[in-house]
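All values below come from the heavy atoms of this structure, side chains included, with hydrogens, waters and symmetry mates left out. Quantities reported herein were computed from a predicted structural model and do not represent experimental measurements.
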Amino acid sequence: MRGFHIWQHFIDAMEILRALFSLATSSRKESINLQNVGSQARLAVLQIATSNTALFMTTLGLDILTPPTLEHRKAVMQIVAFLIKKRPLVLQPNIPKLMEAVVRSLDPNVTTHREAVIDTVTEIISYVVKTFLAVDFYMGTQRLAVGGSDGAVVMYDLKTAIRLYVLEGHKKAISACSFSPDGRRLLTLSIEENVALVWKVGSSFASFFNPGAPPRQGRSDSQPFKTIDFNVGEA
């Protein structure tokens, strides 16, 4: 949208963006062409996401968590999936906040909304895990680990749509994280500090009483099970 960075200050930019969300997802894919309104709206959304990421992410987060209608939430979720495929670098700094909102949209206490977005959320999580190394998902326990630039790794339970706990062993940005094949361990890596940490993240009752066990729900007082220092060196 040409000139948006200038005239956004004289209009309700959030409402314009919300209208674009609806237009961008209302047209059938098979009818997209150069004159199609949906196609033009998607292009405008991409431009705004790039030029004013703060406005875009604020609107996106609000509309995922407190949408005016269920249809609007579905439209916003489709926009997220679209952006992850088309402009992943725009979303990268905001992945932790975005995933928090996406997970909370699965609240099992609001069955109608959960059922309406579950397919799109599954698609979003799949794209995010494939695109961003600092995010991983373990199907068996429905756990989602999201690493951030502050060094923290947030563990979510998708069955209950809650934040289980936060792992805070790193001091710098998380470069990657990965569950073990059995889902009982999580490896987190920070290239900036040359450290890899191994965490016990098993969900059994006994695991909470072993050294290196994950913190109790809602807390962040865990210590890693193992610390591995490394040196990448210079090319």
Side-chain angles (χ1 to χ4, degrees), residues 49 53-54 56-58 60-61 64-65 80 83-84 87-106 124-139 141-158 160-203 207-235:
T53 306
F56 180 80
M57 293 306 302
T58 298
L60 206 62
I64 291 174
L65 295 175
V80 173
L83 276 169
I84 291 170
R87 292 288 192 278
L89 292 180
V90 171
L91 296 178
Q92 187 167 11
N94 300 282
I95 283 296
K97 290 182 179 178
L98 179 61
M99 296 313 294
E100 173 92 17
V102 169
V103 170
R104 288 174 61 186
S105 74
L106 292 175
I124 289 171
I125 291 174
S126 177
Y127 284 141
V128 168
V129 170
K130 291 177 182 177
T131 306
F132 303 104
L133 296 178
V135 182
D136 200 21
F137 175 66
Y138 186 71
M139 179 70 73
T141 56
Q142 292 290 295
R143 298 289 170 85
L144 179 72
V146 181
S149 60
D150 59 354
V153 179
V154 181
M155 185 71 72
Y156 295 99
D157 178 8
L158 298 193
T160 56
I162 62 173
R163 175 191 288 211
L164 286 176
Y165 48 76
V166 182
L167 304 173
E168 296 183 325
H170 292 280
K171 297 179 176 62
K172 295 185 179 179
I174 303 298
S175 306
C177 68
S178 179
F179 284 99
S180 62
D182 62 2
R184 297 172 59 190
R185 302 285 188 271
L186 180 74
L187 175 72
T188 59
L189 171 73
S190 174
I191 292 178
E192 290 184 29
E193 58 181 348
N194 294 329
V195 171
L197 302 177
V198 179
W199 305 85
K200 288 184 177 180
V201 294
S203 57
S207 69
F208 286 97
F209 298 95
N210 295 326
R216 300 297 179 87
Q217 182 177 319
R219 298 178 63 177
S220 56
D221 53 357
S222 177
Q223 295 296 320
F225 173 63
K226 186 178 294 186
T227 300
I228 304 168
D229 296 310
F230 64 88
N231 190 352
V232 175
E234 297 182 1

Inset, instruction - In sequence, state the C-alpha distance, the side-chain angles, and the governing distance for Val90 and Leu83, and then conclude on side chain to side chain contact (heavy atoms under 4.5 Å, CB included). - result: CA-CA 8 Å; Val90 171; Leu83 276 169; 5.7 Å; no
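In terms of heavy atoms, Ala145 sits closest to Val153 at CB-CG1, 4.2 Å. When all heavy atoms of Thr131 and Pro88 are compared, the closest pair comes out as CG2-CB, 3.7 Å. The two atoms that bring Gly151 and Ile174 nearest to each other are O-CD1, 3.4 Å, heavy atoms only.
With sequence neighbours excluded, no residue forms a side chain to side chain donor-acceptor pair (under 3.5 Å) with Asn94. By the ring pair (Phe, Tyr, Trp, His ring centres under 6.0 Å) test, Tyr156 is found to be paired with no residue, residues two or more places apart in sequence or in another chain being considered. Residues satisfying the side chain to side chain donor-acceptor pair (under 3.5 Å) test with Thr188, not counting sequence neighbours, are His170, Trp199.
Contact annotation: the side chain of Asn194 never approaches that of Asp229 to less than 4.5 Å [non-hydrogen atoms, C-beta and beyond]. Looking at heavy atoms from C-beta onward, Arg143 lies out of side-chain contact with Leu186 at the 4.5 angstrom threshold. Using a 4.5 Å heavy-atom cutoff, the side chains of Lys172 and Ile191 are not in contact. A 4.5 Å side-chain heavy-atom check between Val80 and Ile64 finds at least one atom pair inside the cut-off. Between Phe179 and Thr141, the closest side-chain pair of non-hydrogen atoms is not below 4.5 Å.
Rounded to the nearest 0.5 Å, atoms CZ (Phe137) and CD1 (Ile125) are 6.0 Å apart. Put simply, CZ on Arg104 and CZ on Arg163 are 9.5 Å apart, with the number rounded to the nearest 0.5 Å. The line from CD of Glu168 to CD of Gln223 is 10.5 Å long, rounded to the nearest 0.5 Å. Rounding to the nearest 0.5 Å gives a distance of 10.5 Å between CD of Glu100 and CG of Leu144. Taking CG of Leu89 as the start and CD1 of Ile84 as the end, the distance is 12.5 Å to the nearest 0.5 Å. Atoms SG and CG, on Cys177 and Leu197 in that order, are 11.5 Å from each other to the nearest 0.5 Å.
The cationic group of Arg185 lies under 6.0 Å from the six-membered ring centre of Phe225 and within 45° of the ring axis, placing it in a cation-pi geometry.
Between the Ser190 side chain and the Ala173 main chain, a donor and an acceptor come within less than 3.5 Å of each other. Judged by distance alone, with hydrogens and angles left aside, the side-chain atoms of Asp157 form no donor-acceptor pair with the main-chain N or O of Leu164 at under 3.5 Å.
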